[in-house]
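For reference, the structure is listed below as structure tokens.
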Amino acid sequence: MILYELIDYEILRVVWWALLGVLLIGFALTDGFDMGVGALLPFVAKTDVERRVVINTVGPVWEGNQVWFILGGGAIFAAWPPLYAVSFSGFYLAMFVILAALIVRPVAFKYRSKRESATWRKTWDWGLFAGGAVPALLFGVAVGNVLLGVPFHLNDMLMPRYDGNFLMKFVGLLRPFALLAGVVSISMLLMHGAAWLGLKTEGVIAARARSIGRKAGMVAMGGYALAGLWLAFGIDGFALTGEVVTDGPSNPLYSEVARGGSWLSAYAERPWIIIAPIMGFGGMAMALRGLSAERDVSTLLWSKLGIAGVISSVGLTMFPFILPSTVDPNSSLTVWDASSSHQTLFIMLVCVVIFMPLILAYTSWVYKVLWGKVTETDVTGNSDTVY
């Protein structure tokens, strides 16, 4: 027997679908509070010292947190090449805007405190704001568009074609439901960033962060509930029809897909997935309670649970769809027809088994070493060595 045949192709596809979700959740849980802190910066810190305190709560960890983003992108490229090709073709301008914001952020970290000029520092502070707020918003918009379906079709050579010109590909993403998903995303990460600042700062900064975090959390919960109702009654879902081949070739055109019904019918077919929205609502509700009670450690953990639940609910609701097509439903990408080869998925899984524990161990060690609050004394006493 060939080694990679020890695990069925069908199982490997599901495993890599789950791992992609784990990587995206890992990115949201770690780099998510970085983006939330950046978006909160102009509002929770009024003086230069206060802003340096806020920046230095994430300064030692933001680069490591971005590893999850790189791993997620790499996983899409290697494990789901059709998804990489189709999504990046249609979301190209949106991805470019996100990339530009993510480039501004490290530059702002490095340059912000290099000069004493108030104008210089304020400019980079707004760069940090954009580097946090723009990706947080547009990632949510992208998720909303995935649920709505994207206007692409595949030709006989499996090359994606989108309706509309270059600019309309971006403007067309800004649909009402997608914008609602963007609001849920940014408000959820604002709450997450506020929970982090509550843990890592003290005094007036922490108080302002908790106040904004409570408001953001209520918006996130309300938006999440509204999105669920909208999905139930206002958006058509997608479903595979005919025979479903789970271990066949990766060619979406071999599948038959119909549009209609509701995405939420998945909860009737697989009732156990209700755990995801329960985690989403429960985690956010407990985070709000923790922000009010100033329970810093548990608040951050509840916030993480809420984010994990919200993201999981999207994937579990859509399964086995990854990127549905509104123009030609038969071109929709699913878990069963958009993956790499059996051998490729197996080799990648071996790499994950070896390296993922190392990444988790190193990350845990870093956070343990850097545990504790950042104070104004820390910043003023080490002005030349901190951000």
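This structure is a prediction, so every number in the text was calculated from the model and none was measured. Atoms considered below: every heavy atom in the structure, side chains included; atoms not considered: hydrogens, waters and symmetry mates.
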Heavy-atom donor-acceptor pair, [X] side chain to [Y] backbone, under 3.5 Å:
X      : Y      : result
Ser87  : Leu83  : yes
Asp378 : Thr375 : yes
Lys304 : Leu29  : yes
Ser313 : Pro277 : no
Ser325 : Pro151 : no
Ser211 : Ala207 : no
Ser312 : Ala276 : no
Thr241 : Glu256 : yes
Asn330 : Val257 : yes
Asn56  : Gly59  : no

Can you pull the salt bridge (Lys or Arg N to Asp or Glu O under 4.0 Å) pairs that have at least one residue in [range], sequence neighbours excluded?
range            : value
residues 123-140 : Arg51-Asp125, Arg112-Asp125
residues 22-39   : Asp31-Arg105
residues 263-285 : none

Query raised in the report: Given the rule in the side-chain hydrogen bond (donor to acceptor under 3.5 Å, both in side chains) test, do Asp337 and Thr334 qualify, once you have shown the distances and angles that lead to the verdict?
Result: CA-CA 6 Å; Asp337 55 30; Thr334 74; 3.1 Å; yes

Requested in this report: With sequence neighbours excluded, tell me which residues meet salt bridge (charged side-chain N to carboxylate O under 4.0 Å, His left out) with Lys46.
Outcome: none

Is [Y] reachable from [X] through a run of I, L, V, M, F, W or Y residues, each pair having side-chain heavy atoms under 4.5 Å apart?
X      : Y      : value
Met279 : Phe281 : no
Leu360 : Leu305 : no
Ile103 : Trp62  : no

State, to 0.1 Å, how close [X] and [Y] come at their nearest heavy-atom pair, and which atoms those are.
X      : Y      : result
Asp247 : Tyr9   : O-CD2, 3.7 Å
Pro135 : Ile98  : CB-CG2, 4.2 Å
Arg208 : Val44  : NH1-O, 2.9 Å
Leu253 : Asn155 : CD1-O, 3.5 Å
Trp230 : Leu180 : CE3-CD2, 3.7 Å
Ser262 : Leu231 : OG-O, 3.5 Å

**Report entry** Other cluster members, Val219 - Ile/Leu/Val/Met/Phe/Trp/Tyr, side-chain contacts below 4.5 Å
**Finding:**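 The other cluster members (ILVMFWY side chains, heavy atoms under 4.5 Å, direct or chained) are Val183.
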
Query raised in the report: Do we see a donor-acceptor contact under 3.5 Å between the side chains of Ser303 and His192?
Result: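 Result is yes, a qualifying pair exists.
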
[atom1] ([X]) with more than 12 external heavy atoms under 6.0 Å:
X      : atom1 : value
Arg214 : CZ    : yes
Lys114 : NZ    : no
Trp302 : CH2   : no
Tyr111 : OH    : no

Query raised in the report: Salt-bridged, Glu116 to Arg121, with N to O below 4.0 Å?
Result: yes

**Report entry** Ion pair check, Asp296 and Arg210, cut-off under 4.0 Å
**Finding:** yes

Query - Pairs meeting criterion ring pair (Phe, Tyr, Trp, His ring centres under 6.0 Å) with involvement of residues 348-374, two or more places apart - result: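 Ring pair (Phe, Tyr, Trp, His ring centres under 6.0 Å) check on residues 348-374 returns no pairs.
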
Query raised in the report: What's the spacing between Leu199 CG and Arg295 CZ if we round to 0.5 Å?
Result: 15.0 Å

Query raised in the report: With Trp336, which of Tyr254, Phe321, Phe319 fulfils ring-ring contact (aromatic ring centres under 6.0 Å, His included)?
Result: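 Testing each of Tyr254, Phe321, Phe319 against Trp336, the sole residue satisfying ring-ring contact (aromatic ring centres under 6.0 Å, His included) is Phe319.
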
Query raised in the report: Between Phe129 and Trp124, is the gap from one ring center to the other below 6.0 Å?
Result: no

Query raised in the report: Centroid-to-centroid, Phe139 to Phe27, below 6.0 Å?
Result: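 Close enough - the centres of the two rings lie under 6.0 Å apart.
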
